[in-house]
Asks: 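Right, I'll just put the structure down here and ask away after.
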Amino acid sequence: MVGRESTRANNLFYTCSLIDYIGRKTKNRRSDVVDALGRDRIARIIELADVYHSDNIDAVSDSFLEEAGLADGTFDNVSAAKYAVPSHWDIGKVYKRLVMGIGRGGAFPRLSFPREPPH
């Protein structure tokens, strides 16, 4: 369907948004969130993102925080910002495009993302 993202792209968007949300909530660098969640949990989030997306993101993040045992950190780039801070959804879009762009470029051959149809 023209104008709509694939399910895989939408699931990746939710996953990236959740990672940013958890980072803000716990004051951790996003790389620390990714490390704490690990490959298997992130794969599960991507796989079930359409289910998680219908739930409250705070409840979803609490569940994964408890499971991963991620402690609060001291990295608070939101309160340190001098300008308006994009939402975790906005940042999720940026991260999704970055990951998909890298996946298409062959830098990470294990990532397989479908190419978007030409518009």
Asks: Within the structure provided, determine whether Val85 and Arg24 are in side-chain contact (heavy-atom separation under 4.5 Å).
Replies: yes

Asks: Just by distance, no angles: are the side chains of Asn10 and Thr7 close enough, under 3.5 Å, to form a donor-acceptor pair?
Replies: no

Asks: Are Trp89 and Phe13 an aromatic pair, judged by ring center distance below 6.0 Å?
Replies: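 Aromatic pair counts; centres sit under 6.0 Å.
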
Asks: Once rounded to the nearest 0.5 Å, what's the spacing between atom CG of Asp32 and atom OG1 of Thr26?
Replies: 8.5 Å

Asks: Among Ile42, Ile22, Asn28, whose side-chain contact (heavy atoms from CB on, under 4.5 Å) with Val34 holds?
Replies: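 Only match with Val34 under side-chain contact (heavy atoms from CB on, under 4.5 Å): Ile42.
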
Asks: Quick one: CD on Glu5 to CG on Leu12, what's the gap to the nearest 0.5 Å?
Replies: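 CG of Leu12 is found 9.0 Å from CD of Glu5.
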
Asks: Taking C-beta and beyond as the side chain, do Tyr14 and Ile57 meet within less than 4.5 Å on heavy atoms?
Replies: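 Side-chain contact under 4.5 Å: yes.
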
Asks: Do Thr74 and Lys27 have side-chain atoms, one donor and one acceptor, less than 3.5 Å apart?
Replies: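 Judged by distance alone, the side chains do not pair up.
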
Asks: I'd like to check Tyr95 versus Asp20 (side-chain heavy atoms, cut-off strictly below 4.5 Å). Are they in contact?
Replies: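 Touching, per the 4.5 Å side-chain cut-off.
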
Asks: For Glu47, I'd like to know if atom CD has over 12 heavy atoms of other residues, nucleotides or ligands within 6.0 Å.
Replies: no

Asks: Could you check Val78 against Asp76 for side-chain contact (heavy atoms from CB on, under 4.5 Å), going step by step and ending with a plain yes or no?
Replies: CA-CA 5 Å; Val78 174; Asp76 190 2; 3.9 Å; yes

Asks: Under the side-chain contact (heavy atoms from CB on, under 4.5 Å) rule, what do Val33 and Leu18 come out as? Steps first, then yes or no, please.
Replies: CA-CA 10 Å; Val33 173; Leu18 180 63; over 6 Å; no

Asks: Would you name the heavy atoms of Gly92 and Ser17 that are closest together and state the gap between them?
Replies: CA-OG, 3.3 Å

Asks: What are the two closest heavy atoms between Lys96 and Cys16, and how far apart are they?
Replies: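 Here Lys96 and Cys16 meet closest at N-SG, 3.8 Å.
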
Asks: About how many Å separate NE2 of His53 and OG1 of Thr15, when rounded to the nearest 0.5 Å?
Replies: 11.0 Å

Asks: When hydrophobic residues are tied together by side-chain contacts of less than 4.5 Å, even through go-betweens, does Tyr21 share a cluster with Val60?
Replies: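 Same hydrophobic cluster.
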
Asks: Do Asp58 and Lys25 have side chains that approach each other closer than 4.5 Å (heavy atoms only, starting at C-beta)?
Replies: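 In contact.
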
Asks: Is the side chain of Ser63 donor-acceptor paired with the backbone N or O of Ala59 at a distance under 3.5 Å, no angle test?
Replies: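 No.
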
Asks: For Arg29, I'd like to know if atom CZ has over 12 heavy atoms of other residues, nucleotides or ligands within 6.0 Å.
Replies: no

Asks: Measure the spacing between CE of Met100 and CG of Leu98 and express it to the nearest 0.5 Å.
Replies: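 That separation rounds to 11.5 Å.
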
Asks: Taking the side chain as every heavy atom from C-beta outward, state whether Tyr52 and Asn11 have any pair of such atoms under 4.5 Å apart.
Replies: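 Of all side-chain heavy-atom pairs linking Asn11 with Tyr52, none is under 4.5 Å.
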
Asks: Counting C-beta onward and ignoring hydrogens, is there a side-chain heavy-atom pair between Arg30 and Asn77 closer than 4.5 Å?
Replies: yes

